[in-house]
Amino acid sequence: MEYTIAAISTAVGEAGIGIVRMSGKDALYIGKQIFKSTRENFQFENKKLHYGHIVDDGKVLDEVLIAFMKAPNTYTREDMVEIYSHGGIIPVKKILELCLKKGASLAEKGEFTKRAFLNGRLDLTQAEAVIDIIKAKSEKSYEVSLRQLEGSITQQVLEIQDILMRMMAFIEANIDFPEDEVEEISHKTLLEDSKKAEERIKKLIDSFDRGKILRDGLNTVILGKPNVGKSSLLNAILKENRAIVTDIPGTTRDIIEEYINIDGIPLKLIDTAGIRETEDYVEKIGVLKTKETINKADLVISLFDVSSDITDEDKKIMELVRDKKIIIMLNKSDLEKKLDENYFIENFPNARIINSSITTGVGIEELIETIKDMFYKEDIKIESEVVLTNIRHKDMLLKAYKSILELEEEIALNEPIDCLEVDIKDAWESLGQITGQSITEDILDKIFSEFCIGK
Amino acid sequence: MQEDIRYNAGEYDCVVVGAGHAGVEAALASARMGLKTLILTISLDAISALSCNPNIGGTGKGHLVREIDALGGQMALNIDKSFIQSRMLNLSKGPAVHSLRVQADKKKYHTEMKKTLENEPNLTLRQAEVVDLIIENNEIRGVVTRTGAVYYTKSCVIATGTYLGGRVYIGEVNFESGPDGRFPSIILSKAMKEKGFFLRRMKTGTPARVDRDSIDFSVMEEQPGDEEIIPFSFMNMGKDFNVKQVSCYLTYTSERAHEIIRENIDRSPMFSGLIEGVGPRYCPSIEDKVVRFPDKEKHQVFIEPEGLDTKEMYVQGVSSSLPEEVQIEVYKNIKGLEKVEFMRTAYAIEYDAIDSTMLKRTLEHKEIKNLFFAGQINGSSGYEEAAAQGLMAGINASLNVLGREPFILDRSEAYIGVLIDDLVTKGTNEPYRMMTSRAEYRLTLRQDNADLRLTKKGYELGLVSRERYEKTLEKERLVNEELDRLKKVIVTPTKEVNEFLYQLTNNTIKTGVSLYDLLKRPELSYDSIKELDPDRPDLPKEIRIQVEIEIKYEGYIKKQMSQIEQFKRMENKAIPEDIDYKQVKSLSTEALQKLEKIRPESIGQASRISGVSPSDINVLLIHLEQLKRRGRLDK
């Protein structure tokens, strides 16, 4: 049996459940590590559904059903584990990430089917289809690689690879040309370089969470008293932008999420809908869930009705969002103005203020322009020098990171340089999976360009 | 040539063309495997000539010598008889890259090898220039010599070194020549081209030889040999070598020497474009170094003896194709060579090589049956690289004749496997030198365990003597027993033990620890913990080293073994020889061209061809499965 692969096998946001699937020799082993049954003395049984939780370091990720299917009577003819979780992007991705962390590799497009075929499961006519899938993958990834964001990831990874390559070239030159005038490489220098690489890999990995903005949308919370025009605003933005990506029924009943895309900026609009019905909405905002929602917000759009003055409640709300990026919309500008906007100007100097009349369409355009402006000027913190968006890339970076940490341990133990190189090479090769490079000739080129070698 | 002078000079199982380092190993392997073998050389005085530097071994290369030895080849035994200085390099690094390098007495190296050839049963040694190959129905039938002799043969190994189409360059002067003033092989080069062989030009060079008496050694740094001599051959381990070693000397070029080079650079045929052949990057001429690294104020120069019976000294580091008068001026501006007297001028030599991707992994030509190639003609450089290929070509030529399965070493088994796989799969644009960085599985492919890796295979081939085989089995037994014993001996944290450990490691133990686990600490060695191990058996050095490496490298070796397992899986997926790549749907155009040219033998090999992407490999896998099932349906 081959190494273990894992993937999400349901389309994102498609259904009420999501399925994560693993196939390969360690599928059961990984399954056992991440699944906790509610029963005592639980044992996986072949082709039985079990109920329980997916647990990471004691923390429950989701409530799931899980099935183990023993080779060879499975789709791929390998051991398989399928996990049925709640739908929606977040739970399934978390489960997938956990599988990868425990040793599975991310399946390539069509890989389950490929294995099914190679292991004799599918008939000949289906072979063509498998080839199509594989080909589609390579063309798609070509397309993807053209995308600017991916491009800058590659650039970053190449630079890290370069640090590692230099380390390797030094080590190799030291080993292969002991009598040439190659500077002796010290463990101290290696550690310094290794730290540099470590730091940069770490930064990229950390950016994955920030990159979620680009994957999952900019968390945008719309706040406002009932009848101030939140629903109208939502509808207006949606109408303006036909490019609706998807709409996912709220993962919590209180909050409605809409995904839209403004000229390439994905927005996840969160209307704190549950609040609408209550009279004392400030109290309601105090409710944990809403606070959490605000905490996670990348952007807050706060709506006010200009026909009534600012209340203490309004001020309390504004205090809750003080640290956020804020757009203040002064709605119903067609009505008589009772609201003193100086309060906002004085207390929230960084907030953008827009006068609008949503029902007549005034201010919508300006709002969109303002969001774009804030996003591109990086007013909105995505710290987007480079943002990791691809889970496969993250997987590879994590592998590289692990190798680098091992390397540093071994440097501390003063292990010989040729041993150290094993981990540098591993790290380099994991990164090479992102940039698509191979190692040997590269090292030699580096050696010969850096050192005057030879007799 | 005139057809009418041709005569039938005999029939052989294997004819080897060339008696350099590749040729002699090929011929000895073939003769030792029971084939009636003939080896032909342009000059009997050039057998195993060390035409360039006078040393054998070094990093990567030393690994090859040990592997050749483990398989029953001759190189290690021959150098053990003829070395005049021995050094173990890289001792400050891990044991996997410790590297034996020795200076040879060139004449003795030649004479000893000639003796071995002369005394080998089944082997005929003959001076003759081969001028043509007889190929019928895409199969080798014989070779023709300049004097009309036709030797018919079932198999043939071509190992022409730098003789084939050889041309020597010294400044503006150039002429057809073999190495070191010997006859070149010009007619054969033409004949091969006429037969449709694609030949390309490669280039190498050598420095001047100078008179020992004209050198001022007092301003140079002496480099004596090691006190403890470790032999190359596993058969000689533990043997007393009563060799009086001679020293080498280290000196440097000067800024003035570089100036002279720069002033005359346009007179170098390398820079004027006269030489079309590609030279090796790791073996640059002095003019190359000066041009490529202009900031370097001086370059190293090693003065090495060519032998005990001669005053000729080899000047390592200043190979050159500059005009003779410029060379002399440059050399005179090397510290200690101010009064230098040249004995042989430095030169560059250009020669013919085939495209090595035309060969199978057995080194047999893909299109011409039983015709094998080995050594520099395959685009490699170096005595050791040549010998390794010669041995493998000789073995496989013999196996073909005997109707036995081919013998292939893969990249996880030997440096020899790396060398040949690189040559036949990737090809090479410059003379190929073995380097440890080319070996992915370096930690398991060590000089010290070449016998454990390969001697059994050599024995099965019939190349390795019973004596050698049993020696290896004994080594294996002793190592395993000692490893087992060390796991069982537990050291307890007594005051004395901890004081002892603290001294060596700045650390102590709190619970009982086996000696085996203790040895994993980098600060401790097998020898340094002797005190903690009173019942230790008296073991030879190579066993002690082996035990120590096995323990210290265990973690890394395990990592590597799992990589090797992955690698083997792909290597074991064979691609049928008659596969029609045009029938494989969805291959990229580049992959299709490359696959058709290289015709890899396994999926693993295919994946190492540049231009063949992972998705091409997937497509290929599916195609193979389709073929397999169709085959089953047909039955």
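Just so we're clear, the structure is a prediction, and the values are computed from it rather than from any experiment. Order of the sequence lines sets the chain letters (A, B, ...), proteins ahead of strands, with each chain counted from 1.
- Neither the backbone nor the side chain of B:Arg521 comes within less than 4.5 Å of any heavy atom of chain A.
- Both the backbone and the side chain of B:Leu621 come within contact range of chain A, judged by heavy atoms closer than 4.5 Å.
- Using a cut-off of 4.0 Å between Lys/Arg side-chain N and Asp/Glu carboxylate O, A:Glu172 and B:Arg442 are scored as salt-bridged.
- A:Lys399 pairs by the salt bridge (Lys or Arg N to Asp or Glu O under 4.0 Å) definition with nothing, not counting sequence neighbours.
- Checked for salt-bridge contact, A:Glu415 and B:Lys552 miss the test: no charged N lies under 4.0 Å from a carboxylate O.
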> Step by step, would you call A:Glu2 with B:Arg569 a side chain to side chain contact (heavy atoms under 4.5 Å, CB included)?
Replying inline: CA-CA 9 Å; A:Glu2 294 268 342; B:Arg569 231 192 331 251; 4.1 Å; yes
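- The number of heavy-atom neighbours closer than 6.0 Å to NZ of A:Lys70, taken from other residues, nucleotides and ligands shown, is 12 or below.
- A distance-only check finds no donor-acceptor pair linking the side chain of A:Asp176 to the backbone of B:Met435 [under 3.5 Å].
- The two residues A:Glu179 and B:Gln300 have their closest heavy-atom pair at O-OE1, 2.6 Å.
- Under 4.0 Å is where a charged nitrogen must lie from a carboxylate oxygen, and between A:Glu421 and B:Lys93 no such pair does.
- Residue A:Asp423 touches chain B through its side chain alone, counting heavy-atom pairs closer than 4.5 Å.
- Using a 4.5 Å cut-off between heavy atoms, B:Glu523 does not touch chain A at all.
- B:Phe567 CZ: more than 12 foreign heavy atoms inside a 6.0 Å radius.
- Of the atoms belonging to B:Tyr252, it is side-chain heavy atoms, and not backbone ones, that fall under 4.5 Å from chain A.
- For the pair A:Phe117 and B:Ile622, the minimum side-chain heavy-atom distance is below 4.5 Å.
- When each of A:Leu118, A:Val422, A:Ile417, A:Asn414 is scored by its heavy-atom pairs under 4.5 Å with chain B, the top score falls to A:Leu118.
- Checked against salt bridge (Lys or Arg N to Asp or Glu O under 4.0 Å), B:Lys298 has no partners two or more places apart in sequence or in another chain.
- Heavy atoms of other residues, nucleotides or ligands lying less than 6.0 angstrom from NZ of A:Lys402 number 12 at most.
- Going from atom OG of B:Ser99 over to atom CD1 of A:Ile175 covers 10.5 Å, rounded to the nearest 0.5 Å.
- Counting heavy-atom pairs closer than 4.5 Å to chain A, the top residue among B:Lys61, B:Gln560, B:Arg433 is B:Arg433.
- For the residue pair A:Asp180 and B:Tyr282, no side-chain donor N or O sits within less than 3.5 Å of a side-chain acceptor on the partner.
- Inter-residue side-chain proximity for A:Asp418 and B:Tyr553 is flagged as met; some heavy-atom pair is nearer than 4.5 Å.
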